[in-house]
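Report on one structure; see the data block that follows.
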Number of protein chains: 2
Amino acid sequence: MGKIRDKFRRYLSEKGLKSTQQRDIILEEFLAAGSHLSIEELYLRIREKHPNIGYATVYRTLKLFSECGIAEEHQFGDGQTRYESVIGEEHHDHLICTRCKRIIEFEDPRIETLQDEVARRHNFKIENHRLELYGLCADCQKP
Amino acid sequence: MGKIRDKFRRYLSEKGLKSTQQRDIILEEFLAAGSHLSIEELYLRIREKHPNIGYATVYRTLKLFSECGIAEEHQFGDGQTRYESVIGEEHHDHLICTRCKRIIEFEDPRIETLQDEVARRHNFKIENHRLELYGLCADCQKP
DNA sequence: CTATGTGCAAAATTTTTGCATAAAA
DNA sequence: TTTTATGCAAAAATTTTGCACATAG
């Protein structure tokens, strides 16, 4: 868990950026909060304890997280950018219920293997990927 | 090719919606244009020949296309919603070059099979899916 | 006729930016 | 002390909406 914080510190110092109170607060809140938070949701949570942190700082800081590889941006199609923390966990993909908006995570190494194969066929070097299956979750299929 | 137009007509009449000049124009332009057009790009093209068609109509019509299943919405992470025509073709996925922004299409039925299996395991009913591999295309790996 | 669609401009959303001030190195 | 970060508010950018008028059925 300290790994994420270390990676962030390291990234900041490599780039000559500064470690600030706000960045620490936002990182802690980001890690404490569950996955798939929208920027607004995160901002509101932070706001509760730290009413003086601005929206722009949250935007800028999340972008930093994403650049340094500790968070991933997602667009699940509701017009809100969501971020998910990414280090330490295995990469996972998503089942997204179009009715109740529930997000279920899964992973399947066999799919990853096939992706690598596709990439190789196109001389493509994968940095990242996104697999999302949209549909109805078990509950929402019941009438 | 007439299939798409037919499906659209059928959808309109099923829903009691009307077939209008604008909808026809937008559909033709959408089909004529390559894949992955952003709403703005499409609007500008339409604008050239039909300067009186409004932005809102293009938005509303593309949403219709997507509802009736002849187009698919994509967000490739540049803040622009893109649409792609979908009928008649096999479903395909995307390799997206993060440097030159090129989009390469591919399909792999074996991946689809595994997706179905994952869905079954979660009692999930897939309506749609999206697989995007981000990274560097062959050209952009050369220094 | 009647219901739906259109165009426009205004509003709502989401994200980015400029700039004076504050804080880190 | 010099550079980078922050907060605010303003600006951009994207998408949606309200409404009077137009058009399809």
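Residue numbering restarts at 1 for every chain, and letters A, B, ... go by the order of the sequence lines. Below, each value reflects all heavy atoms present in this structure, side chains not excepted, and no hydrogens, waters or symmetry copies.
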Glu67(B) bridged to Lys63(B) by N-O distance under 4.0 Å: no

Under-4.0 Å side-chain N/O to phosphate OP1/OP2 contact, Gln21(B) with dT6(C): no

Distance in angstrom units between Ile39(B) CD1 and dT15(D) P, rounded: 5 Å

Phosphate OP1/OP2 of dT6(D) contacted by Thr20(A) side-chain N/O (<4.0 Å): yes

Between dT13(C) (P) and Leu44(A) (CG): distance, integer Å: 14 Å

Under 4.0 angstrom between Gln80(B) side-chain N/O and dT14(D) OP1 or OP2: yes

Closest-nucleotide 5' rank along DNA chain C - winner of Gln75(A) and Val58(B): Val58(B)

Spacing between Tyr83(A) atom OH and dT14(C) atom P, to the nearest angstrom: 14 Å

Sugar-phosphate, base or nothing in reach of Lys15(A), heavy atoms under 4.0 Å: nothing

Sub-6.0 Å ring centroid separation between Phe106(B) and His94(B): no

Phe30(B)/Phe65(B) aromatic ring centres below 6.0 Å: yes

Of Leu64(A) and Arg47(A), the one whose closest DNA chain D nucleotide lies more 5': Leu64(A)

Residues His92(A) and Glu84(A): side-chain donor-acceptor under 3.5 angstrom: yes

Leu17(A) CG - dT6(D) P separation (whole Å): 10 Å

Donor-acceptor under 3.5 Å (Glu41(B) side chain, Ser38(B) main chain): yes

Any Arg23(A) side-chain N or O less than 4.0 Å from OP1/OP2 of dA5(D): yes

Nucleotide nearest Glu40(B) (side chain, heavy atoms from C-beta), chosen from dT15(C), dT6(C), dT14(D): dT14(D)

Protein-nucleotide distance (Tyr55(B), atom OH; dT14(D), atom C1'), rounded to Å: 8 Å

Under-4.0 Å side-chain N/O to phosphate OP1/OP2 contact, Gln22(B) with dA22(D): no

Short side-chain N/O contact to dA24(D) OP1/OP2 from Ser19(B), under 4.0 Å: no

dT15(D) OP1/OP2 closer than 4.0 Å to side-chain N/O of Thr81(B): yes

Whole-Å gap separating P (dG7(D)) and CD1 (Ile46(A)): 10 Å

Interatomic distance where CZ belongs to Arg60(B) and C1' belongs to dT4(C) [whole Å]: 11 Å

Distance, rounded to the nearest Å, where Ile53(A) contributes CD1 and dG7(D) contributes P: 6 Å

Phosphate OP1/OP2 of dT15(D): any Tyr59(B) side-chain N/O under 4.0 Å: yes

Short side-chain N/O contact from Lys18(A) to OP1 or OP2 of dT6(D), under 4.0 Å: no

Residue whose closest nucleotide on DNA chain D lies nearer the 5' end, Leu12(A) versus Ala56(A): Leu12(A)

Asp93(B) side chain near Glu107(B) side chain, heavy-atom distance below 4.5 Å: no

